[in-house]
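One structure is given here, and the rest of the page talks about it.
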Amino acid sequence: MIRMTEPSKITSQSVPDHQPAAGGIAARARASVGPKYLSGLNPEQREAVETLDGPVLVLAGAGTGKTRVLTTRIAHILSQGRARPGEILSVTFTNKAAREMKHRLGQMLGHAVEGMPWLGTFHSIGGRILRTHAELAQLKSNFTVLDVDDQVRLLKQLLQAENIDDKRWPARMLAGLIDGWKNRGLMPSQVPSGEAAMFANGKGGKLYTSYQERLKILNAADFGDLLLENIRIFREHPDILRQYQQRFKFILVDEYQDTNVAQYLWLRLLSQAPSSFTSPRLRGEVDLRSKSGEGDSPQTELLDPDPLSASEARRDPASGAREPKGPTKNICCVGDDDQSIYGWRGAEVDNILRFDHDFPGAKVIRLERNYRSTGHILAAASHLIAHNEGRLGKTLRTEDQDGEKVTVTGSWDSEEEARGIGEEIEQLQRQGEKLNEIAILVRASYQMREFEDRFVTLGLPYRVIGGPRFYERAEIRDALAYLRVINSPADDLAFERIVNTPKRGLGDATVQMLHDHARKRRIPLFEAARAVVETDELKPKARGSLRDLVAQFDRWRAQREVTAHTDLAQIVLDESGYTEMWQKDRSADAAGRLENLKELVRSMEEFENLQGFLEHIALVMDRDGGSEEDAVSLMTLHSAKGLEFDNVFLPGWEEGLFPSQRTLDEQGRAGLEEERRLGHVGLTRARRRAKIYFATNRRIHGTWSTTIPSRFLDELPAANVEITESKGGSAWGGTGGYGASRFDDMEAFGSSYSTPGWQRAQANRNRGQGGRGGGSRGGFEEEASSFSSSSSSPDFGSFSSRRRGPLTIEGELVAKSTGTTSEFSLSDRVFHQKFGYGHVTKIDGNKLTIAFDKAGEKKVVDSFVQRA
DNA sequence: ATCGGGTAAATTTTT
DNA sequence: TTTACCCGAT
């Protein structure tokens with residue numbers, strides 16, 4: 001493994017201290033040297049943009065202008081006339097990233113960007129290629145892309161057919177295995193026999209095979225297939241591969257550290273210059289291109305004579321195939337090994353670590369100037385990540401001021417942690433910080449609940465980022481299933497999904513008999529249904545509703561010819577009773593689901609027709625655009641990648657949670673390093689303030705357990721970190737004379753105060769100041785003092801106690817003024833945005849206790865509910 | 001066929 | 001503590 005730990009030299013020439021607000025003297029000076037889109041780039045960025053020939057790896061640390069480099073590079077290629085828009089392959093992982101790039105390109109180039117047909121995600125581009133050559137994968141070009149849910153359902157059926165107990169061998173597990181194989185580029189025949197045998201006493205490989213067969217029959221592909229089938233086609237049809245190799249003069253890859261083996265292989269194949277290996281005639285074309293200045297860089301002559309064999313053998317041991325060898329084209333991969341956090345999902349950090357072996361002669365450019373975070377934050381993040389061994393090594397630096405130190409705060413338990421953070425946020429808000437600039441980043445999503453509860457109580461607006469994506473939501477998949485059945489009567493999975501949604505009295509028994517029928521006669525379920533309603537095999541009731549359903553679909557299909565696809569969708573949703581089903585639903589999210597359905601119909605307008613819509617929907621739809629309201633963001637560390645905030649809160653830095661015990665158990669040292677990278681990602685999200693927390697007691701799955709501060713805390717540099725007191729603790733902890741009344745109030749109000757953890761905290765509080773036990777707390781304080789002497793600086797302490805009292809009181813007053821007049825009375829029927837319908841069981845000023853129909857009893861501030 | 005209760009299991013999740 | 005799934009009762 002290559003190690004490149006020497007920091008690259010940065011000359012001491014002056015650079016703008018902020019990312020080009022375009023207009024510094026230096027910027028203007030450079031502007032005269034090249035096209036104006038190049039002005040404002042620092043020397044490394046500029047090199048990354050201008051090094052067009054041969055393989056380039058841009059190691060772009062957090063906040064160093066990665067996207068800027070990528071988009072400017074495209075602009076540069078175009079403006080130099082090196083390629084037309086359609087000759088640049090530019091891949092990202094997320095639709096969001098692809099959109100962002102399109103947007104920024106548009107700004108840079110004017111409106112000429114619509115013609116970047118090959119800028120997209122791996123999957124959407126793979127899907128597009130696969131549709132073009134679908135028949136070579138035994139598919140039709142209108143094949144369906146299955147989501148995970150469909151995938152699992154299909155596998156369940158296969159397990160049943162094989163008489164395998166799907167309790168002992170869950171379909172989900174098999175789906176995971178198959179997905180893993182596909183991520184590694186393995187077709188059924190290539191799966192190492194040991195692994196294939198792992199599942200269901202040796203039936204794993206066979207199941208993979210029959211799963212693939214089933215997919216073809218259903219005219220469907222899963223996400224993995226979108227790339228894997230590309231690879232297969234490229235290997236089996238060199239002429240087709242050559243066609244793409246010739247088309248793509250330049251390849252750009254975003255977030256290269258997250259690529260898996262399949263994506264790597266796909267890129268490998270595409271990135272090779274069309275070579276004489278397959279066709280002598282091409283020789284000429286290559287030479288021609290060289291002459292016109294579009295050939296490969298001179299470095300290619302120094303190539304490892306057999307660049308592929310080593311990596312191929314390593315990555316793809318089961319494959320006897322060797323890719324044709326040829327010179328590497330102009331591929332530019334941008335990434336950051338220190339932000340590789342998707343190893344558990346198949347990403348191979350090795351891809352980036354071995355880049356210059358895989359792409360010999362590669363030029364490696366490091367972007368180390370960070371334009372995001374202040375000094376202390378950057379130093380803390382850098383020191384933390386420096387504990388990793390498997391990295392290429394970068395040293396992030398900033399010319400910004402040091403700013404505030406990173407704080408580390410201990411609390412007694414996770415509730416105190418949530419309270420403390422809640423108060424700090426209110427304080428920041430008082431100081432004029434926008435809630436939009438505040439984020440809480442957690443390791444595991446179950447940590448979010450406590451914050452949500454707290455914020456609901458405080459009436460603090462928040463928004464959860466992540467969670468199920470738009471098209472993964474049940475209502476969206478249901479709606480899509482209806483449309484899929486209309487579009488393709490052979491789509492059994494879609495038919496099965498909606499045959500009894502809404503309830504039509506067509507249960508398992510009916511579906512089972514349809515299956516039998518379909519299998520016997522080798523026809524799709526839908527056709528089986530059509531046949532079965534003509535017989536009297538079904539009970540009259542089921543027969544009737546099934547006949548109606550078939551008739552409805554026939555009608556919709558007929559309407560399809562004469563109705564716009566958006567209208568058709570609306571008609572289907574209404575006539576099927578699907579809309580009505582949610583209208584009648586009383587749960588909290590019913591309204592949101594109806595809204596989502598509207599959004600779905602609206603989004604169809606962007607497509608020509610139903611077919612086009614269905615082809616792209618699975619790949620292009622993502623989470624709905626966040627609302628514009630000012631709110632705190634709550635998300636996992638994973639979903640924070642790529643985002644940035646002025647203020648970042650990082651709770652739960654405890655052994656077992658972060659780093660996650662499970663990752664440690666399963667992945668060992670590699671897992672630890674990935675967790676550490678996660679910490680690095682978290683810290684580098686912060687522009688001005690990063691605040692870390694740990695609790696001594698945490699409730700995990702309902703039971704309390706004592707935890708030890710995370711080892712990562714010890715790895716933070718003393719000089720950049722400050723240890724502070726938990727304010728959540730001292731607020732009720734009796735310092736400052738005000739605590740007692742506040743405490744009483746809280747106790748009366750919050751049910752959480754009777755938990756064992758709190759009781760322990762209370763007992764402990766009597767022993768030490770502010771809830772602190774006498775120092776026997778996981779040994780953190782001893783270690784803490786070794787890296788900072790500024791434990792709870794007097795300044796901060798007096799500041800906070802001086803400010804806290806009045807502030808909180810003001811908060812009370814504000815809250816009371818809105819509700820003391822008791823808008824509500826006992827047993828009123830109310831609706832809450834998050835918890836749905838319920839009735840009031842208790843009133844305490846503006847605070848209501850409400851028994852929700854679905855969410856149980858909760859306490860909320862009255863301004864958050866409305867009369868139902 | 002559907003509802004309700006009881007029980008096991010429980011990160012992270014770009015497509 | 002919650003949630004998803006299975007089984008038994010209606």
Side-chain angles (χ1 to χ4, degrees), chain A residues 91-99 120-127 145-148 151 156 166-167 170-172 176 179 182-183 221-227 254-255 257-260 262-263 339-347 414 441-450 453 465-472 500 503-511 539 541-542 545 616-623 635-642 652 656-667 671 674-675 677-678 681-682 698-704 752 755-757 854-856:
Chain A
V91 281
T92 63
F93 276 85
T94 65
N95 291 305
K96 193 178 160 199
R99 271 198 307 270
T121 64
F122 276 102
H123 294 274
S124 64
I125 291 173
V145 178
L146 296 190
D147 59 42
V148 190
Q151 216 178 324
K156 238 179 207 152
D166 75 341
K167 244 177 171 169
R172 241 170 227 295
D179 215 46
K182 290 186 174 180
N183 283 158
D222 63 20
F223 282 122
D225 284 343
L226 297 180
L227 287 165
D254 190 17
E255 305 278 20
Q257 78 282 354
D258 288 336
T259 49
N260 59 35
Q263 286 156 341
Q339 292 188 64
S340 164
I341 55 175
Y342 285 103
W344 51 274
R345 239 182 141 276
S414 45
L441 312 183
V442 297
R443 175 62 181 83
S445 46
Y446 67 76
Q447 290 173 264
M448 291 187 193
R449 168 169 263 108
E450 252 158 339
D453 285 351
I465 313 270
R469 264 141 290 131
F470 188 72
Y471 83 94
E472 276 177 8
N500 200 29
K503 303 267 187 277
R504 297 189 175 87
L506 301 170
D508 288 344
T510 311
V511 172
K539 289 188 191 128
K541 204 177 149 206
S545 40
H616 290 285
I617 194 63
L619 298 174
V620 175
M621 282 292 253
D622 51 9
R623 68 196 73 178
M635 69 189 93
T636 63
L637 286 162
H638 282 93
S639 39
K641 193 170 74 152
L657 175 58
F658 184 55
S660 149
Q661 190 55 51
R662 192 148 157 188
T663 301
L664 260 40
D665 292 345
E666 287 169 11
Q667 318 282 340
E674 183 154 309
E675 294 285 300
R677 291 194 288 268
L678 210 40
V681 167
R698 186 168 294 272
R699 193 175 38 190
I700 300 169
H701 310 321
T703 42
W704 286 91
S752 53
T755 59
K854 306 239 165 163

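Lettering follows sequence order; numbering is per chain, from 1.
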Quick one: label [X] by what it contacts on the DNA or RNA (base, sugar-phosphate, nothing), any heavy atom closer than 4.0 Å.
X      : result
A:F122 : nothing
A:E674 : nothing
A:E666 : base
A:T92  : nothing
A:A97  : nothing

I need the [atom1]-[atom2] distance between [X] and [N], as an integer number of Å.
X      : N      : atom1 : atom2 : answer
A:Y446 : C:dA4  : OH    : P     : 17 Å
A:K156 : C:dA4  : NZ    : C1'   : 10 Å
A:M635 : B:dT14 : CE    : C1'   : 15 Å
A:D147 : B:dT14 : CG    : P     : 13 Å
A:L441 : B:dT12 : CG    : P     : 15 Å
A:D665 : B:dA10 : CG    : P     : 14 Å
A:H701 : C:dA4  : NE2   : C1'   : 14 Å
A:E255 : B:dT14 : CD    : P     : 13 Å

Quick check on A:D508: does its CG atom have over 12 non-hydrogen neighbours (other residues, nucleotides or ligands) under 6.0 Å away?
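Atom CG in A:D508 is not packed in, count stays at 12 or less.
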
Kindly point out which of [options] is positioned nearest to the side chain of [X]?
X      : options                : answer
A:D258 : B:dT14, B:dT11, B:dT13 : B:dT14
A:K167 : C:dC7, B:dT14, B:dT12  : C:dC7
A:W344 : B:dT13, C:dC7, B:dA1   : B:dT13
A:R449 : C:dT3, B:dT13, B:dT14  : C:dT3

Might you work through the side-chain contact (heavy atoms from CB on, under 4.5 Å) test for A:H123 and A:Q263, ending with a clear yes or no?
CA-CA 9 Å; A:H123 294 274; A:Q263 286 156 341; 4.2 Å; yes

If you assign A:R662 and A:T121 each to the DNA chain B nucleotide with the nearest heavy atom, which residue ends up on the more 5' nucleotide?
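This one resolves to A:R662.
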
Need to verify one output field. Residue with the more 5' nearest nucleotide on DNA chain B, A:K541 or A:L678?
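The residue closer to the strand's 5' end, by nearest nucleotide, is A:K541.
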
When you measure from the side chain of [X] to the backbone of [Y], do you find a donor-acceptor pair of N or O atoms at a distance under 3.5 Å?
X      : Y      : answer
A:S639 : A:G466 : no
A:D222 : A:L146 : no
A:T259 : A:E255 : no
A:Q447 : A:A444 : yes

Side-chain N or O of [X] versus OP1/OP2 of [N]: is the shortest distance under 4.0 Å?
X      : N      : result
A:R698 : C:dT1  : no
A:S660 : B:dT12 : no
A:S639 : B:dT14 : no

Give me the distances for all protein-to-nucleotides 2-9 of chain B N/O pairs that come in under 3.5 Å?
from  : atom 1 : to     : atom 2 : distance (Å)
B:dT2 : OP2    : A:N500 : ND2    : 3.3

In whole Å, what separates the P atom of C:dA4 from that of B:dT13?
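The answer is 16 Å between these two P atoms.
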
Give the intermediate values and the outcome of side-chain contact (heavy atoms from CB on, under 4.5 Å) for residues A:N95 and A:R99.
CA-CA 6 Å; A:N95 291 305; A:R99 271 198 307 270; 4.0 Å; yes

When rounded to the nearest 0.5 angstrom, what is the spacing between OG1 in A:T94 and CG in A:D254?
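Here the interatomic distance stands at 7.5 Å.
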
Applying side-chain contact (heavy atoms from CB on, under 4.5 Å), run through A:T636 and A:M448 and close with a yes or a no.
CA-CA 8 Å; A:T636 63; A:M448 291 187 193; 3.8 Å; yes

Does any N or O donor sit under 3.5 Å from an N or O acceptor when you compare the side chain of A:R699 with the base of C:dT1?
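Looking at the base of C:dT1, it does not pair with any donor or acceptor on the side chain of A:R699 (distance under 3.5 Å).
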
